[in-house]
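Reading through the structure tokens given below for one structure.
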Amino acid sequence: MGVLPLGTANSFARTLNLPLDLPGAVDALVGGRVADVDLGKVNDDYFANGAAIGLPAAVGREVPHLVKKLLGRLGYLIVGSAQFLRFEPFLCFVTHDGDKTLLHASEIRIANGRYQGGVLVAPDASLESRTLEIQILTGRSKWVIAGSWLRILLGFPRHNRDCTILRAQDVLIDTAPSQHVSIDGEVVAKTPIRVSVAQEALLLMVPRSA
């Protein structure tokens, strides 16, 4: 298979180092190579790039497709600002290797690729690592979200005290109250969920330099 950069933010294409113009992407695919890349899973649903719990899922539910088509990432920003005002953190239960951890969380990012919304959020994630990177923004205040995104946009390192990072192949995640889950930008599930890796699941054309 091949990927063409025709999405709203083209996060997966960015992870593959594909040119974001259509002729350049076609040239890269024609002259590229085959890679066996991982996919992520939320329950029985596969995703290529990433999943999210919290504000990104709330925004994903509220952004009409017409707004995404006309305004692109600006549409997410407008709706996200309104959603942020009424968003509240939640309790998060993470079960991994038999250990169950309770955290106060404001956002959970599950990264197979490195980008979310076209922004580099998981620089250490890899489509060939055979693991997923799970970032949990911790704390009782939703302003942790604003601080985290501001640091990301400015290119600063993440604060470890506000972000718990787990790399795993199989994790159970539950929340109180139950939260919606967005998968590659589409809201298709609610917690509790099982997150896992489908290793080497997809044969994909990528640029030779990717």
Of the non-hydrogen atoms in [X] and [Y], which two are nearest, and what is the gap between them?
X      : Y      : result
Ser11  : Gly118 : OG-N, 2.9 Å
Ala201 : Ala198 : CB-O, 3.4 Å
Met205 : Gly32  : CE-C, 3.7 Å
Ser141 : Pro89  : C-CG, 3.9 Å
Leu22  : Pro5   : CD1-CD, 4.3 Å
Ala25  : Pro19  : CB-O, 3.5 Å

For the side chain of [X] and the backbone of [Y], is there at least one donor-acceptor N/O pair under 3.5 Å apart?
X      : Y      : result
Asn10  : Ala13  : no
Thr95  : Lys100 : no
Thr131 : Ala168 : no
Thr175 : Leu91  : no

Does [X] share a hydrophobic cluster with [Y], counting links as ILVMFWY side-chain heavy atoms below 4.5 Å and allowing steps through other members?
X      : Y      : answer
Ile136 : Leu166 : yes
Phe93  : Ile193 : no
Phe12  : Val26  : yes
Ile173 : Val121 : yes
Leu4   : Leu202 : yes

| task | Apply the salt bridge (charged side-chain N to carboxylate O under 4.0 Å, His left out) test between Glu133 and each candidate in Arg114, Arg109, Arg167; give the one that qualifies. | result |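 One option only clears the test, and that one is Arg167.
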| With a 4.5 Å limit on heavy-atom distance, are the side chains of Val94 and Val171 in contact? |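 Sidechains of Val171 and Val94: in contact.
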| Heavy-atom side-chain contact between Ile108 and Cys92 under 4.5 Å |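 Contact flag for Ile108/Cys92 side chains = yes.
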Nearest 0.5 Å, please: how far is [atom2] in [Y] from [atom1] in [X]?
X      : Y      : atom1 : atom2 : answer
Leu29  : Leu18  : CG    : CG    : 5.5 Å
Leu132 : Ser196 : CG    : OG    : 7.5 Å
Leu172 : Asp174 : CG    : CG    : 9.0 Å
Ser178 : Phe90  : OG    : CZ    : 10.5 Å

| task | Evaluate the side chain to side chain contact (heavy atoms under 4.5 Å, CB included) criterion for residues Asp36 and Val34: first the C-alpha distance (whole Å), next the side-chain angles of each, then the deciding distance (0.1 Å), finally the verdict. | result | CA-CA 7 Å; Asp36 49 354; Val34 178; over 6 Å; no
| Going through the distances and angles, do Ile165 and Cys163 end up as a side chain to side chain contact (heavy atoms under 4.5 Å, CB included)? | CA-CA 6 Å; Ile165 298 177; Cys163 185; 3.9 Å; yes
| message | Please determine whether side chain to side chain contact (heavy atoms under 4.5 Å, CB included) holds for the pair Asp170 and Val197, giving the CA-CA distance in whole Å, both sets of side-chain angles, and the decisive distance to 0.1 Å. | response | CA-CA 7 Å; Asp170 198 307; Val197 181; over 6 Å; no
Kindly list each side-chain donor-acceptor pair under 3.5 angstrom involving residues 37-57, sequence neighbours excluded, with atom names and distances?
| from | atom 1 | to | atom 2 | distance (Å) |
| --- | --- | --- | --- | --- |
| Asp38 | OD1 | Arg130 | NH1 | 2.7 |
| Asp38 | OD1 | Glu200 | N | 2.9 |
| Asp38 | OD2 | Arg130 | N | 2.7 |
| Asp38 | OD2 | Arg130 | NH1 | 3.4 |
| Asn43 | OD1 | Arg194 | N | 2.9 |
| Asn49 | ND2 | Tyr115 | O | 2.7 |

| query | Which is it for Val3 and Leu16 under the side chain to side chain contact (heavy atoms under 4.5 Å, CB included) test, yes or no, and what are the steps along the way? | reply | CA-CA 9 Å; Val3 174; Leu16 296 171; 3.9 Å; yes
| field | Test side-chain hydrogen bond (donor to acceptor under 3.5 Å, both in side chains) applied to His104 - qualifying residues, sequence neighbours left out | value |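 His104 satisfies side-chain hydrogen bond (donor to acceptor under 3.5 Å, both in side chains) with Arg140 only.
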